[in-house]
Structures are given as C-alpha cells and as structure tokens.
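Numbered from 1 within each chain, the chains take letters A, B, ... in sequence-line order.
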Number of protein chains: 2
Amino acid sequence: MVIEGIRSLLQHEKGIEWMGHATSASSCLAFLSQEQPDVILMDINLPDQSGIDLCKEVKQRYPSIFILGLSTFNQQSFIEKMLSNGASGYVLKNATQQEILDAINTVIKGKQYLSFDAALTFRKSDETSDNPILTRREKEVLSLIAEGLTNNEIAAQLFISPATVDTHRKNLLAKFATKNTASLIRKAAQMQII
Amino acid sequence: MVIEGIRSLLQHEKGIEWMGHATSASSCLAFLSQEQPDVILMDINLPDQSGIDLCKEVKQRYPSIFILGLSTFNQQSFIEKMLSNGASGYVLKNATQQEILDAINTVIKGKQYLSFDAALTFRKSDETSDNPILTRREKEVLSLIAEGLTNNEIAAQLFISPATVDTHRKNLLAKFATKNTASLIRKAAQMQII
DNA sequence: CATGTACTCCTGTTTTTCAGTGATTTTTAC
DNA sequence: GTAAAAATCACTGAAAAACAGGAGTACATG
C-alpha cells in the first residue's frame with residue numbers, strides 16, 4: 001500500500017526513475033546484487049529484519065547508495081538509529097509529495113534531510129531531553145528489574161554486590177523522577193526503553 | 001503516502017468510486033457532513049484524535065457507513081477496540097490490492113472482514129488468551145499501582161481498606177503470572193492495559 | 001438453591017525496596 | 001594526564017510489598 005503510494009507519487013516525476021521495490025530485507029539485498037539505485041527509501045518495519053539493521057548492511061556493501069529512512073513512527077530513537085547506521089535522512093509516511101521530492105533531491109547531493117515533523121521531535125528531544133540518559137549498567141539493571149528480578153538476583157546475575165544494584169536502582173529512580181518501581185517501569189515502558 | 005497508495009490501487013476498479021480523503025478526524029467529519037460514502041478506510045493514527053474514537057463518532061452519526069480499520073499495527077487490542085467501536089473490519093497497511101478489494105466487498109454486504117495476519121493474531125490471542133481478564137476493581141488498582149501509589153494511598157483513593165488493595169494486588173500478580181510489581185507493570189504495559 | 005465470582009477485610013511473617021550518607025576504584029573524554 | 005562520569009561497595013533504619021491462609025457478603029446464573 002505504501003509502496004504503491006510512493007510509486008504513484010514519483011512515477012511522473014522527471015529526473016526520477018523507479019528501479020524497483022522489495023518487501024523484505026532479503027529480497028532487497030537480492031535486488032541490490034543485480035542493480036544499484038542512487039537512493040533507497042527504506043521502511044523501518046520489515047518482516048524478516050529491522051530496517052535499521054538492513055540500513056547498516058546496505059551501507060557497508062554499497063556505500064554510494066543514499067538511504068532515506070521511512071516510517072510511521074516519529075520517534076527520536078528510531079531516527080537516531082537510522083542516521084547513525086548510515087541513513088541520509090528520515091521521512092514520515094504522512095509526508096507530502098513535495099517532501100519526498102525534497103528529501104530525494106537533498107540526500108542525492110550528500111546532504112541530510114529530515115521530515116518537518118521528524119526534525120521537530122528531534123530538536124525537541126535534544127533540548128528538553130525527556131528521555132533520561134542511562135549508563136550501560138543502569139540499562140542492564142533496569143531491564144533485569146523489569147524482568148522481575150530482585151536486587152539479590154540481579155547482583156548474582158551481574159556478578160556485583162547487591163549494594164551496587166541498590167545504588168543503580170536509586171539512580172534510576174532519580175533519573176526517571178519516580179518514587180517506586182511501579183512508576184519507574186511504567187515510564188520506561190512508555191519510553192520504549194524496556 | 002498511504003492515501004496515494006490506496007487511491008492508486010483502487011482508482012481503476014470498476015464498481016468503486018473514490019469520493020475523497022481526509023487527513024484528520026475533524027476534516028473527516030467535515031467531509032461527512034457534505035457527502036457520505038458507503039465505506040470508509042480509517043487509519044488508527046490521526047493527528048488530532050484516535051481513529052478508534054473517530055470510528056465510534058462516525059458510526060453514531062452515520063450508522064449506515066461501513067468502516068474498515070487501517071493500521072500498521074497488528075495488535076489485538078487495537079483490532080478489538082476498532083471492532084467494538086463499530087468497525088466492520090481491519091486491514092493492515094501491507095495488505096495486497098486483492099485483500100483491500102475483498103475487504104471492501106465483504107463489509108459492504110454487512111459482513112466482517114479481517115486481514116489475514118490480523119485474523120491470525122486475533123485468533124491466537126483468543127485461544128491462548130494471553131491477556132488476563134481483569135475485573136473493574138483490579139483494573140482500577142492496577143492503574144493506580146502504575147501511577148506509583150502505595151497500597152495505603154490506593155486504599156485512601158478508593159475508600160477501601162489497605163488489606164483489600166493487597167488482595168487485589170495478589171490477584172493481579174496471580175493473573176499475570178508475575179511475582180512482583182516490576183514484572184507486573186511491564187507485562188501490563190506491553191499488553192497496553194495501562 | 002447451590003455454585004461461582006467479585007469484593008471486602010483480617011492477622012502474621014518474611015522479603016524487598018527506599019532513603020540517606022559516605023567512600024573507593026575504573027573508565028571515559030578532553 | 002587530569003577532570004568528570006561511571007561503577008563499585010557498605011551501613012542503617014524505615015517503609016512497602018510479597019507470601020500464607022482464612023473468612024464474610026453480595027449478586028448473578030444455571
């Protein structure tokens with residue numbers, strides 16, 4: 001449905017040639033082994049593999065192809081991951097025809113393009129930073145808490161003292177501005193951290 | 001983008017007339033006050049309002065219009081809510097042209113249509129019933145727990161004894177097959193209950 | 001009317017979490 | 001190479017949650 005939409009938005013554009021489409025990561029790689037376009041519009045949600053991972057793979061094999069991330073989700077974490085995996089831009093699925101054209105024309109020059117809304121949330125999350133920045137250990141502890149482990153169990157799992165786990169736990173509560181496990185886990189879940 | 005896709009998939013179909021499209025709940029209602037189609041393909045993610053709520057509203061005002069839910073998410077809770085709000089079916093955005101045509105032709109006869117994949121998850125969740133059935137009180141207690149309230153605070157809020165809250169809490173842990181608050185909240189969050 | 005379900009409440013005990021304070025060692029980054 | 005950030009650990013006491021087991025009331029449904 002989305003592929004059809006993009007095709008119909010682009011097919012009459014001069015200067016743009018539609019080379020093909022793929023509906024999975026594997027078929028995309030198979031296609032690329034035959035011919036390589038200048039730009040790929042890559043969905044994040046693929047049946048066999050994450051578009052985020054595929055992006056990295058494609059960029060490794062074919063560094064000259066520019067990739068535009070494509071997703072329904074206007075989520076800072078996704079945008080970040082796509083860009084850090086070599087994507088040149090990010091377009092939302094509710095983008096207008098003009099936006100897509102702008103995006104393609106921008107990235108083909110080697111520049112970065114972000115959808116208007118995407119750029120907004122990107123900037124906002126940069127400024128307000130609503131997602132607390134967690135350290136490696138804190139993330140580990142958080143996800144083990146979410147699994148239902150107690151401090152002692154977590155300590156055993158990570159080969160550290162229960163007291164240390166307790167400290168990480170306190171820091172997590174502070175960073176999330178919560179006062180107990182329940183609200184901590186809820187917030188973390190809402191932020192898609194766990 | 002998606003609208004373009006559907007339009008291009010349907011525009012050459014005989015027996016189907018494309019009456020228009022809207023990109024928000026409010027513009028949809030404005031459109032419907034002018035003319036009413038037989039079928040609406042309604043996205044769940046709208047900028048101003050949830051498609052789930054809009055579905056209810058449209059069905060109340062125009063009971064004769066059949067609504068097909070449309071979403072990227074193959075989530076049982078969404079499907080359920082759409083159907084209980086009067087939708088006649090649910091189609092995923094990766095549906096084929098044939099699926100959309102089938103869906104439209106099915107619902108227009110007053111029957112229900114579910115996308116293949118949607119029907120799968122629907123049935124699966126029906127059989128295994130991974131979502132525990134909660135009572136009214138349990139839902140209340142659960143959401144207050146998720147807010148970070150303690151048993152005493154919840155008791156005060158609901159005008160019941162802390163002991164009762166404790167009992168509900170025990171039942172919640174049992175129903176979710178969890179052993180503490182952390183994993184309870186995580187599961188509930190994943191099931192979109194809170 | 002018996003059975004089941006939901007809601008209510010109780011007494012204890014044990015385990016876990018939360019709060020506060022303080023300190024050492026490793027890593028990381030500039 | 002040094003300053004900042006992260007990770008480590010300890011102690012105390014209070015608060016909260018988890019576990020166990022029992023028990024009464026209301027209400028609907030078969």
Side-chain angles (χ1 to χ4, degrees), chain A residues 77 80-81 83-84 125-191 193-194, chain B residues 126 129-191 193-194:
Chain A
S77 59
E80 264 179 8
K81 282 177 193 158
L83 294 181
S84 73
S125 81
D126 235 32
E127 283 167 11
T128 65
S129 186
D130 39 358
N131 280 38
I133 295 148
L134 303 183
T135 66
R136 185 195 102 250
R137 229 21 170 183
E138 282 164 356
K139 282 180 201 161
E140 286 173 356
V141 170
L142 175 58
S143 72
L144 291 175
I145 292 172
E147 304 267 335
L149 305 198
T150 67
N151 285 351
N152 284 325
E153 291 166 340
I154 295 170
Q157 184 115 34
L158 300 180
F159 302 106
I160 57 179
S161 152
T164 306
V165 178
D166 193 46
T167 303
H168 289 309
R169 196 168 191 140
K170 283 176 206 169
N171 292 335
L172 284 167
L173 289 177
K175 284 192 178 180
F176 280 84
T178 51
K179 59 184 269 289
N180 61 26
T181 304
S183 44
L184 168 69
I185 298 298
R186 175 161 144 277
K187 271 206 180 182
Q190 283 175 344
M191 294 175 182
I193 295 171
I194 52 172
Chain B
D126 233 33
S129 186
D130 38 359
N131 281 38
I133 296 149
L134 303 183
T135 67
R136 186 194 102 250
R137 228 23 171 182
E138 282 164 355
K139 282 180 201 163
E140 285 174 355
V141 171
L142 175 59
S143 71
L144 291 175
I145 292 172
E147 303 267 333
L149 303 200
T150 67
N151 285 352
N152 285 324
E153 291 166 340
I154 295 170
Q157 183 115 31
L158 300 180
F159 303 105
I160 56 178
S161 153
T164 306
V165 179
D166 191 49
T167 303
H168 288 310
R169 200 167 188 137
K170 280 181 214 167
N171 292 334
L172 283 168
L173 289 176
K175 284 192 178 179
F176 280 84
T178 51
K179 58 184 270 289
N180 59 26
T181 303
S183 44
L184 168 68
I185 297 298
R186 176 162 145 276
K187 272 205 180 182
Q190 283 175 344
M191 293 172 183
I193 294 171
I194 53 172

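- Annotation: of the two residues near DNA chain D, A:Lys170 and A:Lys175, the 5′-most nearest-nucleotide partner is A:Lys175.
- Across all strands shown, B:Lys179 has heavy atoms under 4.0 Å from sugar-phosphate atoms exclusively, and none from any base.
- Residues A:Asp166 and A:Asn151 share a closest heavy-atom pair of OD1-ND2, 3.6 Å.
- Contact between B:Ala188 and B:Leu142 at its shortest, heavy atoms only, is CB-CD2, 4.0 Å.
- Inspection of the A:Arg186 and A:Thr178 side chains reveals no N or O donor paired with an N or O acceptor under 3.5 Å.
- Considering B:His168, B:Arg169, B:Lys175 as possible partners of B:Glu138, the one that fulfils the side chain to side chain donor-acceptor pair (under 3.5 Å) test is B:Lys175.
- The nearest heavy atom of DNA chain D to A:Phe159 and to B:Ala182 marks one nucleotide each, and the one closer to the 5' end goes with A:Phe159.
- Atom CG of A:Leu173 is separated from atom P of C:dT17 by 11 Å (rounded to the nearest Å).
- Interface residues of residues 161-169 of chain A facing DNA chain D, ordered by number: A:Ser161, A:Ala163, A:Thr164, A:Thr167, A:His168; criterion, heavy-atom separation under 4.0 Å.
- Remark: side-chain polar atoms of B:Asn171 are not paired, donor with acceptor, to backbone N or O of B:Ala174 under 3.5 angstrom.
- Taking a heavy-atom distance under 4.0 Å as the criterion, the stretch of DNA chain D touched by chain A extends 5' to 3' from D:dA6 to D:dA10.
- Of all heavy-atom pairs between A:Leu158 and A:Arg137, the closest is O-NH2, 3.5 Å.
- Side-chain contact between B:Leu172 and B:Lys187 is absent, with no heavy atoms from C-beta onward closer than 4.5 Å.
- Checked by atom type and distance alone, the side chain of B:Asn180 pairs as donor or acceptor with a backbone atom of A:Gly148 at under 3.5 Å.
- Residue A:Ser161 comes nearest to A:Ala155 through the heavy atom pair C-CB, 3.8 Å, listed as atom of the first residue, atom of the second, then distance.
- Pairing each heavy atom of A:Val141 with each of A:Ile154, the nearest pair is O-CD1, 4.3 Å.
- C:dC9 atom C1' lies 15 Å from atom CG of B:Leu158, rounded to whole Å.
- A:Met191 and A:Pro132 get closest at one heavy-atom pair: SD-CD, 3.8 Å.
- Applying a 4.0 Å cut-off to non-hydrogen atoms, the residues of residues 134-154 of chain A that approach DNA chain D are A:Thr135, A:Arg136, A:Arg137, listed by residue number.
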